[in-house]
Number of protein chains: 2
Amino acid sequence: MAQAPPADKRRLILDAAIRVFARQGFHATRVSDIADEAGVAYGLVYHYFSSKDEVLNELFIERWSLLLAAIEEADKTAASPRQKLGAVATFIFDSYRHDPELMKVIIVEVTRAANSFGKTHLEQIQRAYESIAKIVADGQESGAFRGDVAPMFASMSFYGAIEQLLSGWIFGTIPASASDFDQARDLLVTTICDGLEPRG
Amino acid sequence: MAQAPPADKRRLILDAAIRVFARQGFHATRVSDIADEAGVAYGLVYHYFSSKDEVLNELFIERWSLLLAAIEEADKTAASPRQKLGAVATFIFDSYRHDPELMKVIIVEVTRAANSFGKTHLEQIQRAYESIAKIVADGQESGAFRGDVAPMFASMSFYGAIEQLLSGWIFGTIPASASDFDQARDLLVTTICDGLEPRG
DNA sequence: CCCTGCCGATTGACTGGTCAATCAACGAAG
DNA sequence: CTTCGTTGATTGACCAGTCAATCGGCAGGG
């Protein structure tokens, strides 16, 4: 048969892992579950990845680098600090809308698992916090934001609020309808930016 | 000898578990680690608890019921919505200051582990979100807060921001000095409440 | 006062099951 | 014939939970 699509088995395995990790959680999934879901043999997972951990690492790095790039981009492109933070929030919410399973895995198994995988990637995660903090600091220098809030505090609060809302949807704490995403994002950004404005 | 202190072994085991869970994380601690840390025999853990899980459950329920009570209390006692939210934040920050290891375990292993233990306690956790949401809703009715933010969104954002700050301290993302706690709490409450006020 | 029997607390060796990781073998393509 | 993607049975480590044995305090009978 003429060269069937290379069916990139590596990608196949990564995508299967997303589904299984999202469904059962990382600890509860056996490597055989990933192989079954991908429709490949057990051993092939170890041909492409050195361990079960590395599969998750790969998924995280792939996505987190996109987030870091998006924050940089927002910082360069958008005009006001408020718009910059809005763009960051939009990127994260859209990431969830576009691939909720992957975002669930990233948040639940890495970002919020600071004792296990989060530890490995602490530096990358922190880089995001710092980039957001930089946006806040610039906003303070331009006078758009009040100066008595440490940028890192504001950054952590901003990101923490976003992640908590996503967690709410992921675990059904908050009912989700399509329009809620945009509305929630606007409210969050508005509320936090209003709170960051110089005292009226 | 007159009645040596009963040396309540059950408590001894719970306190040892806090230390070990905080140090190694729940998954990475073996039941024998808990027993060693407590200075008791392996089997005794199973005399007082039906499983390793139940040890963590017990720790969570103990502390979370205090949080729920503190939120109710804040709602009844404090005058303004702003003061109510301030009291809630104070309780959580003080809990961390008083027993950082326990709070680390609660947050890392339960509250943010929505896939494993969080699932078991989702209802209790949600109860806290709802109580905070009620404070926000009351504030909206009295006109102290603007009405266009869903109370549950505000609640989740508020709690998420607090937890993210605590996580920052727990994992050294944010350097912690004694005064920082109170300052961070004030800034967080001020910023979020300012953001929730009717648009200036 | 001592002895005896009871019962809950305490001990730690052991078992059963689970999985991550290995590896020897296979087959298709060049 | 060699190379390399692919297969899946096997191995070896790990650990939660079990359980039979021991300890120690106390009651109550002699």
Side-chain angles (χ1 to χ4, degrees), chain A residues 1-60 105 108-110 113 115-117 119-120, chain B residues 1-60 105 108-110 113 115-117 119-120:
Chain A
M1 188 176 317
Q3 180 70 340
D8 187 353
K9 293 288 176 68
R10 190 186 142 89
R11 188 75 246 165
L12 207 61
I13 292 169
L14 283 172
D15 289 341
I18 293 173
R19 274 174 265 129
V20 184
F21 288 160
R23 194 188 313 137
Q24 315 173 225
F26 178 82
H27 283 293
T29 83
R30 290 154 295 182
V31 174
S32 67
D33 291 337
I34 302 175
D36 291 351
E37 177 82 20
V40 302
Y42 185 98
L44 196 62
V45 175
Y46 285 92
H47 180 71
Y48 287 109
F49 303 95
S50 64
S51 68
K52 182 184 156 191
D53 288 17
E54 214 207 272
V55 176
L56 179 55
N57 287 343
E58 183 75 24
L59 291 174
F60 171 76
V105 172
V108 173
E109 307 295 348
V110 187
N115 241 352
S116 45
F117 277 91
K119 202 158 271 170
T120 317
Chain B
M1 181 168 331
Q3 182 69 346
D8 186 351
K9 294 290 177 66
R10 191 186 141 87
R11 187 76 249 163
L12 207 61
I13 292 169
L14 283 172
D15 290 341
I18 292 173
R19 273 174 267 129
V20 184
F21 287 161
R23 194 188 314 136
Q24 315 174 228
F26 178 82
H27 282 292
T29 84
R30 290 155 295 185
V31 174
S32 66
D33 292 337
I34 301 175
D36 290 351
E37 176 83 21
V40 302
Y42 185 95
L44 197 63
V45 175
Y46 285 93
H47 181 71
Y48 287 110
F49 303 94
S50 65
S51 68
K52 182 182 155 192
D53 288 16
E54 212 206 272
V55 176
L56 180 55
N57 287 343
E58 183 76 24
L59 292 174
F60 171 76
V105 172
V108 173
E109 308 295 347
V110 187
N115 242 353
S116 47
F117 277 91
K119 203 157 271 172
T120 317

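Each chain gets a letter, A, B and so on, in the order its sequence line appears, and its residues count up from 1.
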Taken in chain and number order and not counting sequence neighbours, the residues that satisfy ring pair (Phe, Tyr, Trp, His ring centres under 6.0 Å) with B:Phe117 are B:Phe26
For nucleotides 17-20 of chain C, list the nitrogen or oxygen atoms of the protein found under 3.5 Å from its nitrogen or oxygen atoms, one pair per line.
from	atom 1	to	atom 2	distance (Å)
C:dA20	OP1	A:Thr29	O	3.4
C:dA20	OP1	A:Lys52	NZ	3.3
C:dA20	OP2	A:Val31	N	2.9
C:dA20	N7	A:Tyr42	OH	3.2

For a quick test of reading the model, state the closest non-hydrogen atom pair linking A:Ile18 to A:Val105 and the distance between them. O-CG2, 3.7 Å
Could you please spell out the steps behind the side chain to side chain contact (heavy atoms under 4.5 Å, CB included) verdict for A:Asn57 and A:Phe49? CA-CA 10 Å; A:Asn57 287 343; A:Phe49 303 95; over 6 Å; no
Taking five pairs at each end of the helix from C:dC1-D:dG30 to C:dG30-D:dC1, what angle separates the two helix axes (nearest 10°)? 20°
Ignoring hydrogens and angles, state whether a donor on the side chain of B:Glu109 or A:Asn115 is under 3.5 Å from an acceptor on the partner side chain. yes
Rounded to the Å, how far apart are B:Leu44 CG and D:dC23 C1'? 13 Å
Which atoms form the tightest heavy-atom contact between A:Asp33 and A:Ala28, and what is the distance? OD2-O, 4.1 Å
Atom-pair distance (CZ on A:Arg10; P on D:dT6), nearest Å: 13 Å
Whole-Å gap separating C1' (D:dT6) and CZ (A:Phe49): 15 Å
Only counting residues at least two apart or in another chain, list the ones meeting ring pair (Phe, Tyr, Trp, His ring centres under 6.0 Å) with A:Phe60. A:Trp64, A:His121
By side-chain hydrogen bond (donor to acceptor under 3.5 Å, both in side chains), which residues pair with B:Glu37, not counting sequence neighbours? B:Arg19, B:Arg23
How close do B:Leu44 and B:Ile13 get, counting heavy atoms only, and between which atoms? O-CD1, 4.1 Å
If I take atom CG in residue A:Asp8 and atom P in nucleotide D:dT6, what distance separates them, rounded to the nearest angstrom? 9 Å
Does a side-chain N or O from B:Lys9 land closer than 4.0 Å to OP1 or OP2 of C:dA9, or not? no
Please report, rounded to the nearest Å, how far the C1' atom of C:dA9 is from the CZ atom of B:Arg11. 19 Å
Got a sec, which residues hit ring pair (Phe, Tyr, Trp, His ring centres under 6.0 Å) with A:His27, two or more places apart in sequence or on another chain? B:His27
Between A:Tyr48 and D:dG5, is there a side-chain N or O to OP1/OP2 distance below 4.0 Å? no
Taking only the side-chain nitrogens and oxygens of B:His47, find out if one of them lies under 4.0 Å from OP1 or OP2 of C:dA9. yes
